[in-house]
Protein chains: 2
Amino acid sequence: MSRSSQREDHLKALYALGESQPSSWVSTTQMASHLGVKPPSVTAMVQVLAELGWAEHRPYHGARLTPTGRKLALSLVRKHRLWETFLVARLGFGWEEVHDIAEQLEHVDSVELVKRLDAYLGHPQSDPHGDPIPKADGTFHPEGEVFVLAELNPLVRCEVKAVREGSDATLSAMSAKGIALGSVLMPSQIEALPAAWLEQLMVCKTVDDGSAD
Amino acid sequence: MSRSSQREDHLKALYALGESQPSSWVSTTQMASHLGVKPPSVTAMVQVLAELGWAEHRPYHGARLTPTGRKLALSLVRKHRLWETFLVARLGFGWEEVHDIAEQLEHVDSVELVKRLDAYLGHPQSDPHGDPIPKADGTFHPEGEVFVLAELNPLVRCEVKAVREGSDATLSAMSAKGIALGSVLMPSQIEALPAAWLEQLMVCKTVDDGSAD
DNA sequence: CAAGATTTTTAGCTGCGCCTAAAAATGGAA
DNA sequence: TTCCATTTTTAGGCGCAGCTAAAAATCTTG
């Protein structure tokens, strides 16, 4: 793998730990245990990130992302969650199986690939675990309220957020029609769905990207 | 990336150069220029491959793959071509754009991923460049091998070799369309066949005589 | 067939990311 | 406030995969 994937891993760890406890400074020991390496290795890498302008390092206190670093970290999270979505929604992996594979895929370097993958998946707003997928500019989709698809009137684009009370048979039938968490439903598709599903699919409205239905 | 991806690159180079000129021994200088590194680096890596039992190294003469190494190389070629197929057929990349991206994707380590990707793409037999995709066992679909028509992807000329589980009605329907043992099917014809027949017709690829379809 | 030209390997160096052990800084308790 | 326990960084090494320069083997040619 490219030399920089370790840097990317440290950047992601810094983001993950920094968000969950926004007390700003993340200790190198925390990062070390998160990454499965020893603290001195983290110190060295954090110093590299600081030189790149991606993180600040206050010796003996911890590290934190710069705005630039945060944007980079978010683009990694974006790639990771898009790949997870692909693996589950298209290849039929189980939610629990995909993390390690996505971990490898997210280090593939191609802006165009991410753009096309995103479009191919229908610009999903969250991954199979329900976690939000950052947009290309490093911001999140504003939170849409989730509601039952049957209540959607008039019909507009929306995204599947959850499935209520789904039997295995229902779920496979849905996935056979390409419906899974993160799927974007067009009005014309919604009309064609079995009535029963309208009560089970939990959705939120999705921003229109301008493409025709 | 994993430590082993350099090994994989050398293995692939050895395969690529060894096949095109099957005079057995590939020089380290050839490999070096193919890989964009200097000859001493190749020598070192070839010695590692030899220790792993993937290649033979005859000092001052060159290197060549062992049967084990060849199978590994073929599995890499398989992954590469499956990813290329995905990028072109699903994400809409141009076939010239995909090589570098596939180069990165092919080093993702997951047997299950390859299996599912292959199935998702419909078990293609060649990539967007028309190069054959090795099977999971490291062999190619040889000319003359018989398989189910449904697995033919992309569509090419083929010849009907057998019909599985055909009812009398099916057989008469087929012969009404001019399909019998020995019939040659063109891609445009195959597209027009009932889906059920694709699972019944056993075919093999046929040499193209150059005439239009 | 011997000697020079060429190819290939060996020797020894570099940078990267990891490690352990030792030194330094922090912060809590007497 | 001072001293000790804990955390963090620095110092020094290791393995990997690349490099250059020198040595060794092979090829070529007079």
Side-chain angles (χ1 to χ4, degrees), chain A residues 1-15 17-18 21 23-65 69 72-73 76 103-104 106-107 109, chain B residues 1-15 17-18 21 23-65 69 72-73 76 103-104 106-107 109:
Chain A
M1 141 174 318
S2 93
R3 231 78 196 135
S4 64
S5 75
Q6 277 65 254
R7 295 212 255 272
E8 293 181 352
D9 285 339
H10 283 75
L11 205 63
K12 258 200 346 174
L14 200 40
Y15 172 78
L17 298 169
Q21 44 154 60
S23 57
S24 293
W25 297 104
V26 177
S27 83
T28 51
T29 304
Q30 271 184 297
M31 290 179 65
S33 90
H34 188 266
L35 289 163
V37 299
K38 301 295 177 182
S41 310
V42 172
T43 301
M45 189 58 78
V46 158
Q47 288 166 347
V48 171
L49 297 185
E51 278 170 28
L52 291 167
W54 297 351
E56 285 178 87
H57 182 214
R58 241 188 103 206
Y60 293 102
H61 286 272
R64 105 183 125 177
L65 291 175
L72 280 168
L76 293 171
E103 197 82 15
Q104 297 180 65
E106 87 191 17
H107 292 303
D109 180 32
Chain B
M1 137 179 317
S2 92
R3 232 74 191 137
S4 63
S5 76
Q6 276 65 253
R7 296 212 254 273
E8 293 180 353
D9 285 338
H10 284 75
L11 205 63
K12 259 201 346 175
L14 199 41
Y15 172 78
L17 297 169
Q21 44 153 65
S23 57
S24 291
W25 297 105
V26 176
S27 83
T28 51
T29 304
Q30 270 184 297
M31 290 180 65
S33 89
H34 188 266
L35 289 163
V37 300
K38 301 294 177 182
S41 309
V42 172
T43 301
M45 190 58 79
V46 158
Q47 287 167 347
V48 171
L49 297 184
E51 277 170 29
L52 291 167
W54 297 350
E56 286 178 87
H57 182 212
R58 243 189 99 208
Y60 293 100
H61 286 272
R64 104 182 127 181
L65 292 175
L72 279 168
L76 293 171
E103 197 83 15
Q104 297 180 64
E106 88 191 18
H107 292 303
D109 180 32

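Here is how names work: the chains are called A, B, and so on, in the same order as the sequence lines, proteins then strands, and each is numbered from 1. Just so it is clear, the model here is predicted, and its values are computed rather than measured.
Within residues 26-34 of chain B, no residue is approached by DNA chain D to less than 4.0 Å at the level of any non-hydrogen atom.
Summarising the geometry, the separation between CG on A:Leu49 and C1' on D:dT9 is reported as 16 Å, rounded to the nearest angstrom. In this entry the distance linking CE of A:Met45 with P of D:dT9 reads 14 Å, nearest Å. Distance, B:Leu52 CG to D:dC16 P: 11 Å, rounded to whole Å. Between the P atom of C:dC16 and the CG atom of A:Asp9 lies a distance of 17 Å, rounded to the nearest Å. Computed from coordinates, the B:Gln47 CD to D:dC16 P distance equals 14 Å when rounded to whole Å. When rounded to the nearest whole Å, the span between NE2 of A:His107 and P of C:dG17 equals 13 Å. The distance from atom CD of B:Gln6 to atom P of C:dC16 is 15 Å, rounded to the nearest whole Å. In this structure, B:Glu51 places its CD atom 13 Å from C1' of D:dC16, rounding to the nearest Å.
Between the CG atom in B:Leu52 and the CZ atom in B:Arg7 there is a gap of 5.5 Å [rounded to 0.5 Å]. To the nearest 0.5 Å, atoms CG (B:Leu49) and CD (B:Glu51) are separated by 9.5 Å. Note that the CE atom of A:Met31 and the OG atom of A:Ser41 stand 11.0 Å from one another [nearest 0.5 Å]. Atom CG of B:Leu14 sits about 10.5 Å away from atom NE2 of B:His57, to the nearest 0.5 Å. Interatomic distance, OH of B:Tyr60 versus OG1 of B:Thr28, reported as 10.0 Å (0.5 Å rounding).
In terms of the salt bridge (charged side-chain N to carboxylate O under 4.0 Å, His left out) criterion, residue partners of A:Glu56 (sequence neighbours excluded) are, by chain and number, A:Arg64. Under the rule for a salt bridge (charged side-chain N to carboxylate O under 4.0 Å, His left out), the partners of A:Glu106 that lie at least two apart in sequence or sit in another chain are A:Lys12.
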Contacts under 3.5 Å, N or O only, protein and nucleotides 19-21 of chain D:
| residue | atom | partner | partner atom | Å |
| --- | --- | --- | --- | --- |
| D:dC19 | OP1 | B:Lys38 | N | 3.4 |
| D:dC19 | OP2 | B:Lys38 | N | 2.7 |
| D:dC19 | OP2 | B:Ser41 | OG | 2.6 |

Listing time: all N or O pairs from protein to nucleotides 25-29 of chain D that are below 3.5 Å?
none

Mind listing the side-chain donor-acceptor pairs of residues 32-40 of chain B below 3.5 Å, one per line with the distance, residues two or more places apart or on another chain?
| residue | atom | partner | partner atom | Å |
| --- | --- | --- | --- | --- |
| B:Ser33 | OG | B:Gln30 | O | 3.4 |

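Look at B:His57 and you won't find any side-chain N or O under 4.0 angstrom from OP1 or OP2 of C:dT8.
Proximity of A:Glu8 to A:Leu72: side-chain heavy atoms (C-beta onward) are nowhere separated by under 4.5 Å. Between B:Asp9 and B:His107, some side-chain heavy-atom pair lies under the 4.5 Å cut-off.
Nearest heavy-atom pair, A:Leu11 versus A:Trp54, reported as atom, atom and distance to 0.1 Å: CD1-CB, 3.9 Å.
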